[in-house]
Amino acid sequence: MERKTRIEIAKPGLDGHDRGAKYIARALKDAGYEVIYTGIRQTPESIVATAIQEDVDFVGLSLLSGAHNELFPRVVELLKAEGADDIIVFGGGVIPEEDVESLTKKGIQAIFRPGTPISAVIDFIESKKKTTAA
Amino acid sequence: MELVKGITAGNIRSIARAVSIIENNMEGKEELLDELHPHTGNAVVWGITGPPGAGKSTLADKLIQKERDRGKKVAVIAVDPSSPFTGGSLLGDRLRMQTHATDPGVFIRSMASRGHLGGISTAAFDAVKIFDAAGYDTIMVETIGVGQTEVEIIELSDIVMLVLVPGMGDEIQAMKAGVMEIGDIFVINKSDREGAERLKAEVEYVLMISEKPEESPQKTICMTSARDNTGIEELYEILQSKYKEDLESGFLTEKRKRRLTKELSNLFYIKTREFLEEQLSVQAQMDSWIEGIYKKEIKPYKFISEKMKELTKEYVKG
Ligand code: B12
Ligand SMILES: Nc1nc2c(ncn2[C@@H]2O[C@H](COP(=O)(O)OP(=O)(O)OP(=O)(O)O)[C@@H](O)[C@H]2O)c(=O)[nH]1
Ligand SMILES: [Mg+2]
């Protein structure tokens, strides 16, 4: 049996804009993935603890408040500290073009800005997901 | 097995991996469960069922806190439905319990029902064993709350809470006696809302007309508001005393043996079926058999008994 791909969608920090995150969570469900949505006001610590307990393949972060430069890399660091850096981190939201490169360098593997079609997100997941029953 | 050592030592990553192995029916599953078997039997399993939106997850969140206040380790298995069309699932139960996310004494795992194929029944049954072996004192299982799962939750749990909410009086009437078999404890949640007392009276009435006291221990009704955190202490007390009662009366042992019986017969059924289908090359020949039956060239019962004869001959020969 093929391993089902599991994705955590999370909003770190105090940002309350949750429309985008909910939209992405629902769209990924419709694309056939198992999506764990943890709601707003999560800390990088709770996001990482959840990722590990839920044994997800991906963590998708959503931020519109501008705190992405601190909070996104923090999630990557904590995953690494837990020995869980095989979990792929990506993100989206209101993120200036000029921040994308430095975020990518810090281990956030893709950033999806407003207006990106959901198909781009699915293509990304399909290209990165574990194909073998590990 | 390295994984077994990790699980019994309570390693979070090992436990999480193990649940994925059983959930995806991956290689090593059977050996894993066999190795864990000696380490099981210490946890108490609470089932939480009831209609969608009744407040099951919110209630679980509050009960986790009660257990944590007493130093107990808690695991929650929260099941949500899979889409029958895409196979996808939005697992939202956890959202209500996220305050416990970083508590090392709490492990929450969301599970998609995955239709009938993966079988929520087997996956949840087996996940309970993993958490049991990992040393969690209490394991709560939240169901999707419709249809088949309600029967399964009785088999899986030591104690079942059926969560009901005001505004569903008619449904209680419709469920009549059927509903009584589901819950050991009837939780009337959202008692902050109008109609809670009426619902309580309704449940009491249905209980009164269908209870057979000589067959099963007394059922209890409890009013809560998970949102306002009221009635939770009472519910918790009931859970404790019910457990003690069932343990002392031997009812719990009996229940757990029934569970094992069910599981073993289920395994027998699955394995024999797999064996038979292979022996008779069912998959390869099904289309041609159906063609014959459709065209009235084959009589179904005669056909089956010939097949069975063929099989027993094989078996006796060798
Ligand atoms: C609607 C809205 C609100 C609503 C939010 C309702 C809700 N529950 O979400 C309300 C009115 C409550 C609100 C309040 C505020 N808002 Co406002 N809000 C917006 C607005 C107009 C649209 C956001 C939205 O819902 N878009 C629709 C969704 C679907 O798009 P999206 O979230 O961008 O998601 C898409 C992509 O970004 C991406 N994506 C997003 N997340 C993820 C995650 C993953 C994993 C992936 C793959 C992709 C992905 O995919 C989605 C689909 O394409 C934006 C402006 C804008 N145009 O973005 C401002 C905006 C975000 N708000 C802003 C601000 C400042 C605020 C307030 C602080 C006060 C204020 N000035 O109004 C408060 C703070 C609220 C809080 N608690 O945090 C600023 C943020 C500034 C910044 N980043 O520096 C913005 C950018 C407006 C602006 N230009 O000033 N807001
Ligand atoms: N008024 C009131 N609302 C409540 C109470 N308990 C839960 N809720 C709300 O009811 C809604 C559903 O709660 P959940 O805990 O998600 O219910 P659930 O039974 O787990 O739902 P599903 O898992 O989707 O079937 C949420 O908005 C809760 O805040 C309560 O005691 N009173
Ligand atoms: Mg729930």
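The shown structure was predicted, so the numbers you read here are calculated from the model rather than taken from an experiment.
Salt-bridge annotation for Glu97(A) and Arg113(A): present, with a side-chain N of the basic residue lying under 4.0 Å from a carboxylate O of the acidic one. A salt bridge links Lys129(B) with Glu263(B): at least one charged nitrogen is closer than 4.0 Å to a carboxylate oxygen.
Among the residues in residues 5-17 of chain B, those with a non-hydrogen atom closer than 4.5 angstrom to a non-hydrogen atom of chain A are Ile12(B), Arg13(B), Ala16(B), Arg17(B).
Ranking Ile47(A), Val48(A), Asp86(A), Thr5(A) against chain B, the residue ahead of the rest is Asp86(A), based on heavy-atom pairs under 4.5 Å. The greatest number of non-hydrogen atom pairs below 4.5 Å with chain B, out of Ala49(A), Gly32(A), Gly39(A), Ala25(A), is found for Gly32(A). With respect to chain A, the highest number of heavy-atom pairs below 4.5 Å among Ala101(B), Pro104(B), Ser89(B), Gly88(B) belongs to Ser89(B).
Interface residue Arg6(A): only side-chain heavy atoms are found under 4.5 Å from chain B.
Pairs of residues two or more places apart, or lying in two chains, never qualify as ring-ring contact (aromatic ring centres under 6.0 Å, His included) while including a residue from residues 4-34 of chain A.
If you take CG on Asp55(A) and CD on Glu8(A), they are separated by 12.0 Å, rounding to the nearest 0.5 Å. Of the inter-residue distances, the one linking Asp80(B) atom CG with Lys29(A) atom NZ reads 9.5 Å to the nearest 0.5 angstrom.
Evaluated for a side chain to side chain contact (heavy atoms under 4.5 Å, CB included) with Tyr236(B), the options Gln65(B), Lys62(B), Arg70(B) yield exactly one hit, Arg70(B).
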Arg94(B) and Gln53(A): CA distance, side-chain angles, deciding distance, side chain to side chain donor-acceptor pair (under 3.5 Å) verdict: CA-CA 11 Å; Arg94(B) 188 187 181 98; Gln53(A) 291 180 9; 3.3 Å; yes
Salt bridge (Lys or Arg N to Asp or Glu O under 4.0 Å) assessment of Asp93(B) paired with Lys56(B): CA-CA 8 Å; Asp93(B) 294 323; Lys56(B) 300 181 289 296; over 6 Å; no
